[in-house]
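Structure first, commentary second.
For the single chain, residues carry numbers from 1 onward in sequence order. Heavy atoms only: backbone and side chains are in, while hydrogens, waters and symmetry mates are out.
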Amino acid sequence: MNFLLDPLGAILYMLKEMLLSFAGWLFNGYFFVIGGATNSTYLSGSLNNLFGTKLVWNLVETAHSTVVIPLAESILALFMLVQLVKISQRMDATATLPAIKDIVILAVTYVIFHWLIVNSLDILVAIFDEFNHLSSAFGSANPTGAAFTSAVKYDEEVIKNADIGSCFMLVLCAAISFFVGIIAFIVTLVISFGRAFQLYVMAAFAPIPLSLLGFEETRQSGISFLKNFAACSLAGVIMIFLLVAFPSILSSVVLVGIGDTTATTGSISTSWLMSKFLTTGPKASTAFGTGIFAILTTLAVTIFLLLGLVKSGAWAKEILGA
């Protein structure tokens, strides 16, 4: 664009070029942030390494062995004493053998649940590992045709014919997308950290509910604990599935929803979103409406991702009946 021949047009051209470059940067940032959330390692790591190191897990092991196990053993001993008192109350001169049988059963029960208390950490690690295999399977999945691309290339003619209002609207929509993407990333990290810490707390205090499994009066508490731990582990699998499926959901809803001919490629790109605002000629207004629809649908699917991540724990509990 020659500034001397058409100074106003040159200024307008530079303004549109800056707006499109800024919009492209924002959209690329959106895709980068969403991709970072998808590649989060806080969901699929081993139980002793969810925070990237074993420092927190070492605290769990220390609290588990030095504080919680003695407390759980005391609870178990108390319940054993209560059961022994109940047996002694049923004893009489003609019921010696049944009483001995009850005492033997009580002794076996103590041995079994003492073993559960001492090995409770290993038991929970085994349960978590079973669910973590599913997380690893989903995390390694690479669905065909589900991708984000970010190349932005426009020639001089496209920028020259672009409408300045569309450029401003595109920057606004890109800024909203980028903001929502950042929120999605932060929510993913917060929920991941919260889930990891919840798993660690449950692992540290596991001996207490497991010590309650052996008696009718308290068995339901132990069963509820195991269900909740399994649900917390399953929540990570659901979150991984949501994050891995997000590109496929977005490409399906946005591209197929507007009847675009590129839907068969199954990809969402910055250039594609921006091109909807930059079409000129008789179909410009229709293209602008299509671009608005595409951006709003992208935001809607991202908000759905946020809600799905927040609800992952509730869905896991519904699945397991916890």
Side-chain angles (χ1 to χ4, degrees), residues 32-72 115-143 181-210 222 224-247 305-306 308-317 319-320 322:
F32 176 79
V33 168
I34 291 296
T38 305
N39 296 328
S40 174
T41 58
Y42 302 107
L43 294 174
S44 57
S46 58
L47 186 59
N48 61 0
N49 200 34
L50 285 178
F51 287 102
T53 66
K54 294 186 178 181
L55 294 177
V56 183
W57 182 253
N58 291 337
L59 294 176
V60 171
E61 290 182 323
T62 301
H64 176 271
S65 59
T66 60
V67 178
V68 184
I69 285 183
L71 179 60
W115 181 87
L116 286 177
I117 290 172
V118 172
N119 296 279
S120 55
L121 212 55
D122 294 331
I123 294 171
L124 294 190
V125 169
I127 294 174
F128 180 84
D129 286 343
E130 291 302 315
F131 287 102
N132 203 38
H133 292 328
L134 296 177
S135 297
S136 300
F138 283 131
S140 61
N142 185 19
I182 290 176
I183 294 177
F185 180 75
I186 294 174
V187 168
T188 301
L189 289 185
V190 170
I191 295 177
S192 300
F193 289 146
R195 169 181 170 271
F197 190 73
Q198 181 182 358
L199 286 168
Y200 279 10
V201 170
M202 296 179 78
F205 290 92
I208 295 177
L210 291 183
S224 297
F225 169 81
L226 292 175
K227 284 185 176 181
N228 286 322
F229 183 84
C232 193
S233 301
L234 180 59
V237 181
I238 295 174
M239 292 173 68
I240 287 288
F241 178 73
L242 279 171
L243 292 170
V244 170
F246 177 75
L305 174 65
L306 291 174
L309 293 172
V310 172
K311 294 284 292 181
S312 59
W315 290 347
K317 289 185 177 180
I319 292 172
L320 295 177

Exceeds 12 heavy-atom contacts within 6.0 angstrom, atom CZ of F225: yes
Between [atom1] on residue [X] and [atom2] on residue [Y], distance to nearest 0.5 Å:
X: H133; Y: D129; atom1: NE2; atom2: CG; answer: 5.5 Å
X: N132; Y: I240; atom1: CG; atom2: CD1; answer: 8.5 Å
X: E130; Y: L234; atom1: CD; atom2: CG; answer: 13.0 Å
X: I319; Y: K227; atom1: CD1; atom2: NZ; answer: 14.0 Å
X: L124; Y: F229; atom1: CG; atom2: CZ; answer: 4.5 Å
X: I127; Y: L199; atom1: CD1; atom2: CG; answer: 11.0 Å

[X] to [Y] - nearest heavy-atom pair and separation:
X: K317; Y: A231; result: CG-CB, 3.8 Å
X: A184; Y: T188; result: O-OG1, 2.7 Å
X: I208; Y: A72; result: N-CB, 3.9 Å
X: Y200; Y: L47; result: OH-O, 2.6 Å
X: F131; Y: S233; result: CD1-CB, 3.7 Å

Please tell me if the side chains of [X] and [Y] come closer than 4.5 Å, counting only heavy atoms from C-beta onward.
X: P207; Y: L71; result: no
X: V60; Y: W57; result: yes
X: S120; Y: H64; result: yes

F193: what forms a ring-ring contact (aromatic ring centres under 6.0 Å, His included) with it, not counting sequence neighbours? Y42
Who pairs with S46 by side chain to side chain donor-acceptor pair (under 3.5 Å), at least two apart in sequence or on another chain? N48
Residues L242, M239; criterion side-chain contact (heavy atoms from CB on, under 4.5 Å); working and verdict: CA-CA 5 Å; L242 279 171; M239 292 173 68; 5.5 Å; no
